[in-house]
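All heavy atoms count here, side chains included; hydrogens, waters and symmetry mates do not. Here is the naming used below: chain letters follow the sequence lines, and residue numbers restart at 1 for every chain.
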Amino acid sequence: MLAVSCAVHLALIALAAFMIAHKPAYRRSSPSVINVTMVSFPSSTPEAKPSGPAAPKVETPAEQKIPKPAPKAETPPPVPVEQKPVPETPKPEAVSVAKKTEPVKPKESLKKKTFKPDKVVESAVKRIETRAESTKPDSLAQALDKLKKDVAKGPPNQAAGSALPAGAGPPAGGQSGGEGGGGGEVGTIWDVYANNIVMEQVQKNWAFPEQLAGNIQNAEALLVITIASSGEIVDIWFETRSGNAYLDESAYRAVKKSNPLPPPPAGKSPLSVGLYFTPSGVQK
Amino acid sequence: MKRVVENSNALNCIRLVFACLLFLALACPVSGKSPDVYININNPFLKKIPIAVPVFKGVSGNDSELAKCAEAADMLSRTLDFTSYFKLLDRGSFLFDPRKDDIVGAGINFQNWTTVGAELLITGGLLVQGDAVEAELRLFDSFKGQMLVGKKYKGPTADLLKIMRRFAGEVIYSITGERGIFDTQIAFVSTQTGPKEIFVCDFDGYDPKPVTRSGSISLSPAWSSDGQWLAFTSYARGKPELQIRQLKEKRGAVVAKEGVNISPAWFPGQFALAATLSFSGDSEIYLLTGNGNIIRRLTHNPGIDVSPSFSPDGKQMAFVSNRSGNPHIYIQELASGQVRRLTFQGRYNTQPAWSPKGDRIAYCGSDDGQFNIHVIGVKAADSVQLTRNAGNNESPSWSPDGNLIAFSSTRQGPSRIYVMNAYGTDQRMLLNLSGEQTSPRWSPPLFNQEKPLDF
């Protein structure tokens, strides 16, 4: 019995040691920026991913000028996601969920722009389908490959991260990081999901009286949430507390109230999202 | 042998370490992984905290007690609502009958509250016996199912409002870490009884009553920083004189020098006040003792200098001067006498009120003939207009916690006292008396005063 417990304990120690040894690497790689590589889908420029530090400056104006193309380029991703699971992913839940969202989006966005909706929609759907079939599995595979590579090597990831401050820096760039990128850079589908769906829902549920914001405009809490494929928030923890008790509490409650979220795009499950809460926008 | 080993202390220690490691091992896979995506959330959609205050429970259950339960819950709701921190949830939206639920933590189904969006929940139980009441009140974080504060009060039923305010103070303290305004009053000028008299009401407009019954004109009330003294301008003897009055003991002093004796403002923490006196032939601001003797002259300028307001640390004084032509607000360093102009916007800026936190000054400004409340940073001088298109808005006065501003407005015809929060939102009428109400001045906390004034 002692032997068994020793063995188990040793295994746990090893595991713990492993985690601890790896933890600093993770931390270092993502001090305040996205840890995820941005992926360019073939529909836009294929390999425009910048590695130099000058990249973000180019990127930001593009985001502001052309915010609309991004969603278009991004709507296809769910399509392959939906098709892919048959050969690859074993989870059927994600499939059905992805299916629901897929047909609606392209129709809506195209209708607005055309005079003969039926035909255009039909052809657009066809076009998207063919395009999706031909390109998407690649891009998704690419994305996953890249993610794997980035996980494997720390420093390059850091560079990639610092090249994309828009995704995570406290200034407003963070919000446009996912939406924008029409000019060649496209966030991952998870960036888009987090920056739009998660942000909107959590912000909608966040209650913070403006009187309390007065002296803590710069306070910042970082909460990390883990989202299951069903959209359920299965874990919440504070990476950094703000030092202001009410800001922390209100952030926690906002997340609690936002549960469950709409299911995240498949392929990354569970998905973890870091939420920086600051009251800087309270007074316009 | 195993047992022997098990009993050994050393091994127990090792076990503890193992247990810790196990805990770490379990915790690490979660917290060690860095998030896939980061997002910023900086603009709360809700600017108030959703709170549920269901009707309290009667302990004995008789009818008069039930009536008191509803009354007390309403009192508490109104009091909390006044702070503009909270969104009181409509009791009709509750999904079940809260009276069936328990009022202590273990017996509360918090999901009933989280599903209606209540972040905070207050439960109460009342025991009414004759003229005595016992109230048990608790504040919960409904998402964590945690009690944040719980208090028990005993007193005469007539003091029910006092009890509710006391608990509201606890609620505010547990959320903001600051004592609220529930033991403050507001002094103002009213013509309810005919001529302009000084009145005082509770912070939320309850219980207005006259302080002066001179039958002449009384203006510009000003509280001492311990709330024991009120100074004001009185025309009781024909010309503007300064009355300094101890509110409880009905004693005081009068400053009746040649010319005008007006616009008093107490010096923080001291039995001293500043006022404008014109006995020298020119309106200047003087520092006086609480007994009305001149300590020294503060301003030295041939123009008119009026309406002093001290910074909370007592090192600076804001005032109005027309030295540059039109009335504008200036700040004087009291030690050096150095003066700088604060307001440059607008044609006409008066009635400065230094915020209790010291960083901003509220004032009344006019550009187009209409008077409006503005707030300006003492250092940055970034002016923000808080009222607009709603009659004339004048005489701003900060609540002692710096969260609210009382002012007078003619937005509904006759001048009345209004309150808004310090950013200009939630503007609402404080009280509705006949006649006109002007010049509100918020008192410091009046009860449980710890610091007596320096004489």
After noting the C-alpha distance and the side-chain angles of K256(A) and E119(B), does the key distance pass the salt bridge (Lys or Arg N to Asp or Glu O under 4.0 Å) rule? CA-CA 10 Å; K256(A) 278 285 208 180; E119(B) 297 192 3; over 6 Å; no

For [X], I'd like to know if atom [atom1] has over 12 heavy atoms of other residues, nucleotides or ligands within 6.0 Å.
| X | atom1 | answer |
| --- | --- | --- |
| F45(B) | CZ | no |
| E200(A) | CD | no |
| Q146(B) | CD | yes |

Heavy-atom pair with the smallest gap, counting every atom of [X] and [Y]:
| X | Y | result |
| --- | --- | --- |
| F143(B) | R253(A) | CD1-CG, 4.0 Å |
| W206(A) | N43(B) | CZ3-N, 3.9 Å |
| K257(A) | G117(B) | NZ-O, 4.0 Å |
| V224(A) | P35(B) | CG1-CG, 3.5 Å |

Using a cut-off of under 4.5 Å for heavy-atom pairs, which of Y252(A), Y193(A), F277(A) has the most such pairs with chain B? F277(A)

Checking [X] against chain A: side chain, backbone, both or neither under 4.5 Å from a heavy atom?
| X | result |
| --- | --- |
| T83(B) | backbone |
| N403(B) | both |
| K357(B) | side chain |

Which residue pairs pass the salt bridge (Lys or Arg N to Asp or Glu O under 4.0 Å) test with at least one member in residues 377-389 of chain B, sequence neighbours excluded? none

Straight-line distance of [X] [atom1] to [Y] [atom2], nearest 0.5 Å:
| X | Y | atom1 | atom2 | answer |
| --- | --- | --- | --- | --- |
| I39(B) | N195(A) | CD1 | CG | 6.0 Å |
| Y85(B) | L212(A) | OH | CG | 4.5 Å |
| E220(A) | N40(B) | CD | CG | 7.0 Å |
| I175(B) | E249(A) | CD1 | CD | 10.0 Å |

Under the rule for side chain to side chain contact (heavy atoms under 4.5 Å, CB included), what residues qualify as partners of M147(B), not counting sequence neighbours? R138(B), F140(B)

Main chain of I41(B), side chain of Q203(A): is a donor-acceptor contact present, judged purely on distance under 3.5 Å? no

Can you tell which part of A194(A) gets under 4.5 Å to a heavy atom of chain B, answering side chain, backbone, both or neither? both

Cut-off 4.5 Å, heavy atoms of chain B, and the answer for N244(A) is neither

